Amino acid sequence: MAQPLHDTRFVTSAANVQQLGTCHAEVAFVGRSNVGKSSLLNALANQNQLARVSKSPGRTRLINVFLTGPDRWIVDLPGYGYAGGPKDETRTWQAMVEGYLLNRKSLRMIFVLVDAEVGPTKLDHQMVGWLQSTELPYRIVATKADQVKPSRRLAQRQDIAAEFGLEAADIVWASSQKGTGIQDLRKEVAACLDLL
């Protein structure tokens, strides 16, 4: 049996939720610009160039859909907090993301990516607060965990969890570079999509 998510491939990009078709189940990844979203998606799919990794933040400007398994989607949403694009375009991103999150009946989980070294920003707190107010299911993933000094890792994980009112075990601790947490997160995504 093939490893879950290893058959993932890009399907389409959309400027709004109305342009998307239907699927059996989907999960979404969201986070501030430069949090390592593309790198994490590549690691989960065990591919180097599934999602385009850019040195400049804010490159994901559309809803990007990846197919993994029969009728299952992984959705990459534009990063929040980056104003480097055209002003009229950046203003539409929030409405695009909220429109998607509120209108997908097949959405099983939203993975909110937070930089493990930087910790939660004001924008991260706003996103999680909004998800709580809408009662949408979400999970916090601390990315770039390899950039946290080994002596600080446990305390940093506890601090990030505490900021969201969670326990350290509730935070996915992940590194695309070192592979930390990737296998467990891959299984979690696959379970959300009924692939296990």
Side-chain angles (χ1 to χ4, degrees), residues 5 8 10-42 44-45 50-52 57-69 71-83 85 87-115 120-143 160-161 163-166 170-172 174 185-186 188-195:
L5 313 189
T8 304
F10 174 77
V11 177
T12 190
S13 293
N16 61 64
V17 69
Q18 289 78 21
Q19 295 174 339
L20 297 175
T22 59
C23 70
H24 173 76
E26 63 198 281
V27 297
F29 285 79
V30 67
R32 70 175 179 78
S33 297
N34 205 28
V35 76
K37 196 154 40 71
S38 297
S39 295
L40 183 70
L41 290 173
N42 288 338
L44 289 173
L50 176 69
R52 185 176 167 204
R59 300 303 300 173
T60 304
R61 297 182 178 183
L62 297 168
I63 300 167
N64 291 320
V65 177
F66 301 89
L67 180 70
T68 185
D71 208 25
R72 270 70 169 182
W73 290 0
I74 293 174
V75 178
D76 180 13
L77 296 172
Y80 48 80
Y82 179 68
K87 286 203 184 333
D88 58 339
E89 190 175 307
T90 56
R91 278 194 291 268
T92 67
W93 294 348
Q94 182 178 355
M96 181 198 309
V97 170
E98 289 182 4
Y100 165 81
L101 294 173
L102 291 171
N103 291 287
R104 295 298 295 177
K105 293 191 185 332
S106 51
L107 182 59
R108 300 283 181 84
M109 183 63 66
I110 300 148
F111 292 94
V112 181
L113 277 49
V114 173
D115 189 309
T121 65
K122 180 181 176 182
L123 291 169
D124 295 323
H125 280 289
Q126 287 174 352
M127 172 56 76
V128 170
W130 182 81
L131 290 170
Q132 289 172 336
S133 72
T134 57
E135 298 185 349
L136 288 166
Y138 69 92
R139 184 97 149 94
I140 306 291
V141 179
T143 61
I160 291 171
E163 285 205 43
F164 292 114
L166 301 170
D170 298 327
I171 302 291
V172 179
L185 183 56
R186 184 183 294 131
E188 187 172 336
V189 170
C192 289
L193 295 174
D194 299 330
L195 290 172

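Just so it is clear, the structure is predicted and the values come from calculations on it, not from any experiment.
Between Val75 and Tyr100 there is a side-chain heavy-atom pair separated by less than 4.5 Å. Contact of the Val30 side chain with the Leu113 side chain is not registered, since no non-hydrogen atoms from C-beta on lie closer than 4.5 Å. Within the 4.5 Å cutoff, the side chain of Leu131 has heavy atoms near those of the Val112 side chain. Between Leu102 and Thr134, the closest side-chain pair of non-hydrogen atoms falls below 4.5 Å. Inter-residue side-chain proximity for Pro78 and Val97 is flagged as met; some heavy-atom pair is nearer than 4.5 Å. Side-chain contact between Arg104 and Val17: present, with at least one pair of heavy atoms (C-beta onward) separated by less than 4.5 Å.
For the residue pair Ser39/Asn42, the side-chain donor-acceptor check at 3.5 Å is not satisfied. For the residue pair Gln126 / Tyr80, no side-chain donor-acceptor distance below 3.5 Å is found, with atom types taken as modelled.
Of the possible polar contacts, one joining the Arg139 side chain to the Asp170 backbone as a donor-acceptor pair under 3.5 Å is found. Proximity of a side-chain donor or acceptor of Asn103 to a complementary backbone N or O of Gly99 within less than 3.5 Å is detected. Under a 3.5 Å cut-off, the side chain of Asp71 and the backbone N or O of His24 do form a donor-acceptor pair. The backbone N or O of Trp73 sits nowhere less than 3.5 Å from a side-chain atom of Thr68 that would complete a donor-acceptor pair. Without hydrogens or angle criteria, Lys37 side chain to Leu77 main chain gives a donor-acceptor distance under 3.5 Å. Without hydrogens or angle criteria, Arg108 side chain to Glu26 main chain gives no donor-acceptor distance under 3.5 Å.
Between Phe29 and Phe111, the two ring planes are parallel [angle under 30°; tilted spans 30° to 60°].
Residues Ile110 and Leu136 come closest through the heavy atom pair CD1-CB, 3.7 Å.
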*Give the C-alpha distance, both sets of side-chain angles, the deciding distance and a yes or no for side chain to side chain contact (heavy atoms under 4.5 Å, CB included) between Leu41 and Thr8.*
CA-CA 10 Å; Leu41 290 173; Thr8 304; over 6 Å; no
*asked:* Please determine whether side chain to side chain contact (heavy atoms under 4.5 Å, CB included) holds for the pair Val65 and Leu20, giving the CA-CA distance in whole Å, both sets of side-chain angles, and the decisive distance to 0.1 Å.
replied: CA-CA 9 Å; Val65 177; Leu20 297 175; 3.7 Å; yes
*Please test Leu185 against Leu40 for side chain to side chain contact (heavy atoms under 4.5 Å, CB included), starting from the C-alpha separation and ending with a verdict.*
CA-CA 10 Å; Leu185 183 56; Leu40 183 70; 4.1 Å; yes
_Test side chain to side chain contact (heavy atoms under 4.5 Å, CB included) applied to Gln19 and Ser13, step by step_ = CA-CA 9 Å; Gln19 295 174 339; Ser13 293; over 6 Å; no
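To the nearest 0.5 Å, atoms CE (Met127) and CD1 (Ile140) are separated by 10.0 Å.
Ion pairing of Arg32 with Asp115 is present here, as a side-chain N (NZ or NE/NH1/NH2) and a carboxylate O approach within less than 4.0 Å.
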